Amino acid sequence: MAKVRTRYAPSPTGHLHIGGARTALFSYLWARKNGGSFVVRIEDTDVERNVADAEKKQMEALKWLGIDWDESVDVGGPHAPYRSMERLDLYQTHLDKLLEGGQAYPCYCTQEELDREREKQLAEGVAPKYSGRCRHLSEEEREAFEKEGRVPSIRFRVPEGRTITVRDEVRGEVRFDSDGVGDFIIQRPDGRPTYNFAVVVDDALMEITHVVRAEEHLSNTPRQILLYEALGFEPPVFAHASLILNPDGKKMSKRDESVIQFIDQYRELGYLPESIINFLVLLGWAPEGEKAEEEIFSKEELIDLFSLKRVSKAPAVFDTGKLKWMNNHYIKESSTERITDLAIPHLARAGRISENPTGEELEWVSRLVGLYKEQLDYVAQIVELTEMFFREEARYSGEAKEVLSGEQVPEVVEGFIKQLETFEGALTPGEVKALLKTVQKETGHKGKKLFMPIRAAVTGEVHGPDLRETICLLGKEKVLARLKGFLERRDQILA
RNA sequence: GGCCCGUUGGUGAAGCGGUUAACACACCAGCCUUUCACGCUGGCAUGCAGGGGUUCGAAUCCCCUACGGGUCACCA
């Protein structure tokens with residue numbers, strides 16, 4: 001069997017979408033698993049929709065995910081160029097062959113005429129399909145149209161009565177009747193190819209062996225197979241993965257608010273690339289055998305385990321809760337340094353730390369991150385989670401007020417203030433523990449009666465991470481200020 | 001409307017003719033902990049969209065129905 005070559009061929013019309021990322025991932029894994037090549041090709045023939053930065057952005061997003069390629073616009077390769085609009089002469093050459101063989105013909109219909117035809121068919125409940133009115137134009141008729149100034153598009157002449165079999169790795173053999181497909185346009189009047197033509201020429205010339213893409217392309221595949229045949233190329237093996245649905249079970253639309261849709265956004269929020277990869281691969285794919293009981297996989301494991309045969313035919317629902325869990329899992333596995341580095345820009349942007357933090361600040365942030373790492377679903381969450389640290393005064397929750405209304409509270413708080421004030425030197429969790437122990441001895445209050453009032457008075461909350469470390473990070477001055485502030489304004493706070 | 005594809009718990013899913021229908025997320029209960037989170041333990045589909053077959057035996061094979069989806073563009 002020939003060397004495996006797969007490709008991801010996005011159009012540069014927007015950001016990398018989760019669906020696209022999953023398609024790219026499947027293609028990538030398959031190539032890597034087989035020691036083959038992975039190509040990223042840009043299908044930019046729809047020039048009106050092209051967005052300036054999109055190509056660059058999408059490739060950056062892929063790279064960030066850890067999906068690297070062997071051939072593309074940036075690194076070149078044996079089949080360059082890798083942008084459709086730079087391959088126009090190639091399409092023309094192949095188109096000419098079709099024209100010469102009579103397998104394609106010029107169509108002079110205007111958009112308006114076609115629209116009208118289509119609407120009429122729809123209204124009659126007939127399958128909308130090109131009527132073929134330009135199929136058998138005589139030389140004279142053509143000339144007449146040309147004289148009118150009409151510039152033709154080129155249509156492919158779909159053979160009649162053919163059964164077209166799509167060989168699909170995930171769905172088996174899918175058969176289509178050629179009579180169901182009308183002659184379709186392969187070249188626009190201005191010479192640009194349409195998608196169905198460009199992909200075929202590109203995939204064939206680039207010797208792509210496996211075309212992995214989403215289900216929405218399945219119905220297009222018979223057209224492409226016909227083109228492969230007409231051009232004398234061997235069709236590749238196809239693999240159509242099912243669609244990804246939003247949590248409501250609906251097809252994900254770009255404007256869907258229930259799910260964050262673009263890889264860039266996940267990156268900005270502080271999702272880790274390995275968790276995105278891990279999550280995405282499980283949308284419509286599952287490992288075989290014993291491995292099916294596991295769900296955490298590194299990219300290397302996936303390369304080893306991946307198989308197109310195991311790609312699911314049924315649509316997958318994008319479960320945001322699972323993604324959070326998975327990201328949290330990877331964050332917990334990551335070093336505090338790594339998460340700290342990711343957290344710094346968020347904290348800086350929120351004005352919590354300076355733009356160019358000093359070594360001291362960095363050390364502090366690192367401890368802060370260490371304290372909250374376990375509960376981060378995504379790194380940007382650090383900002384809201386640690387808000388309490390950056391406020392001048394504590395803001396008391398209802399539960400906190402309840403705790404603080406206990407009769408032993410003033411005594412405990414005063415006792416702790418006394419201990420803190422007399423304490424000299426650097427505050428460490430161990431020291432705080434010792435101070436609290438002393439308060440316990442002096443007041444006779446222990447356990448929740450001791451710890452909760454202090455937590456509540458200092459943080460304004462009854463929940464939170466380790467109290468001792470929290471106190472250390474807040475610093476002696478701030479803690480004292482809050483404790484005293486509470487005592488001074490106790491009546492109004494509890495009111 | 002034609003043609004195609006799909007349907008196992010709230011979710012991702014394993015299952016490939018004989019299983020107590022894995023595993024994970026979520027959820028519930030308990031344990032741990034000064035609290036939360038983490039972690040740990042346990043619970044959670046009497047049924048595999050519905051109905052017919054085939055078979056000693058079906059989530060697994062066949063047919064029909066229902067529902068969901070894709071496509072029928074000078075968009076990819």
Side-chain angles (χ1 to χ4, degrees), chain A residues 9-13 20 43-46 48-49 84 107 109 111 114-115 118 121-130 153-155 166 168 170-171 174-177 179-182 184-190 192-196 198-199 213-223 240 242-243 245 247 249-251 279 282-296 312-326 328 332 371-376 385 399 403 436 446-456 459 461-468:
Chain A
S11 64
T13 50
E43 304 268 359
D44 57 353
T45 56
D46 188 358
E48 292 86 4
R49 289 202 196 181
S84 298
C107 168
C109 297
Q111 190 64 59
L114 294 172
D115 287 346
R118 189 184 154 82
Q121 287 169 329
L122 244 20
E124 287 168 359
V126 190
K129 181 179 143 181
Y130 176 63
S153 52
I154 307 298
R155 282 185 190 269
V166 177
D168 191 290
V170 347
R171 287 155 210 275
V174 184
R175 277 172 251 281
F176 294 85
D177 187 339
D179 292 343
V181 332
F184 54 95
I185 292 178
I186 55 180
Q187 190 185 60
R188 300 160 165 114
D190 67 1
R192 283 146 52 220
T194 57
Y195 169 75
N196 280 122
V199 256
R213 46 163 55 154
E215 188 186 321
E216 61 205 270
H217 287 286
L218 184 56
S219 303
N220 262 324
T221 311
R223 284 171 238 279
H240 289 96
S242 60
L243 263 18
L245 273 25
K250 297 265 165 38
K251 189 199 175 188
F279 177 73
L282 259 14
L283 282 181
W285 174 83
E288 197 168 10
E290 298 174 0
K291 287 290 180 182
E293 294 199 0
E294 297 174 25
E295 53 283 314
I296 298 296
S312 171
K313 295 188 265 283
V317 174
F318 193 97
D319 182 354
T320 53
K322 182 120 181 187
L323 208 211
K324 279 186 181 176
W325 167 79
M326 193 163 278
N328 170 261
K332 281 184 291 195
L371 197 55
Y372 284 90
K373 206 172 89 174
E374 301 231 309
Q375 48 187 298
L376 287 177
L385 244 29
E399 283 177 302
V403 165
L436 286 168
K446 59 178 180 177
K448 289 189 186 182
K449 292 244 179 218
L450 170 67
F451 292 99
M452 288 310 276
I454 291 177
R455 172 182 292 282
T459 70
E461 296 287 342
V462 295
H463 305 305
D466 185 76
L467 219 209
R468 291 162 295 198

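Side-chain atoms are counted along with the backbone in the values below, which use heavy atoms only and exclude waters and symmetry mates. Here the structure is a predicted model, which means the values were calculated and not measured. Reminder, nothing fancy here: chain letters follow the sequence lines and each chain counts from 1.
Base contact: A:I185 has a heavy atom under 4.0 Å from a base atom. Residue A:I186 is out of contact with every strand shown, counting any heavy-atom pair closer than 4.0 Å. Backbone-only contact: A:F176 has heavy atoms under 4.0 Å from sugar-phosphate atoms and none from a base. Within the nucleic acid shown, A:A316 comes within 4.0 Å of sugar-phosphate atoms alone, with no base atom in reach, counting heavy atoms only. When heavy atoms are screened at a 4.0 angstrom cut-off, A:N220 is found touching base atoms of the nucleic acid. Nucleic acid contact class of A:S11 (heavy atoms, under 4.0 Å, all strands): sugar-phosphate only.
The separation of B:C63 from B:G6, taken at their P atoms, amounts to 12 Å, rounded to a whole angstrom. For B:U33 and B:C25, the C1' atoms lie 25 Å apart once the distance is rounded to whole Å. If you take atom P in B:G1 and the same atom in B:C38, they sit 49 Å apart, rounded to whole Å.
When Watson-Crick and G-U wobble pairs are counted only if both distances are under 3.5 Å, B:G1 pairs with B:C72.
Neither OP1 nor OP2 of B:G69 sits under 4.0 Å from any side-chain N or O of A:S242.
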- Query: Which parts of nucleotides 35-40 of chain B does protein reach within less than 4.0 Å, heavy atoms only, written one letter per nucleotide 5' to 3' as B for base, S for sugar-phosphate only and - for none?
  - Reply: BBBSS-
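What separates CZ of A:F184 from C1' of B:A73 is a distance of 12 Å, to the nearest Å.
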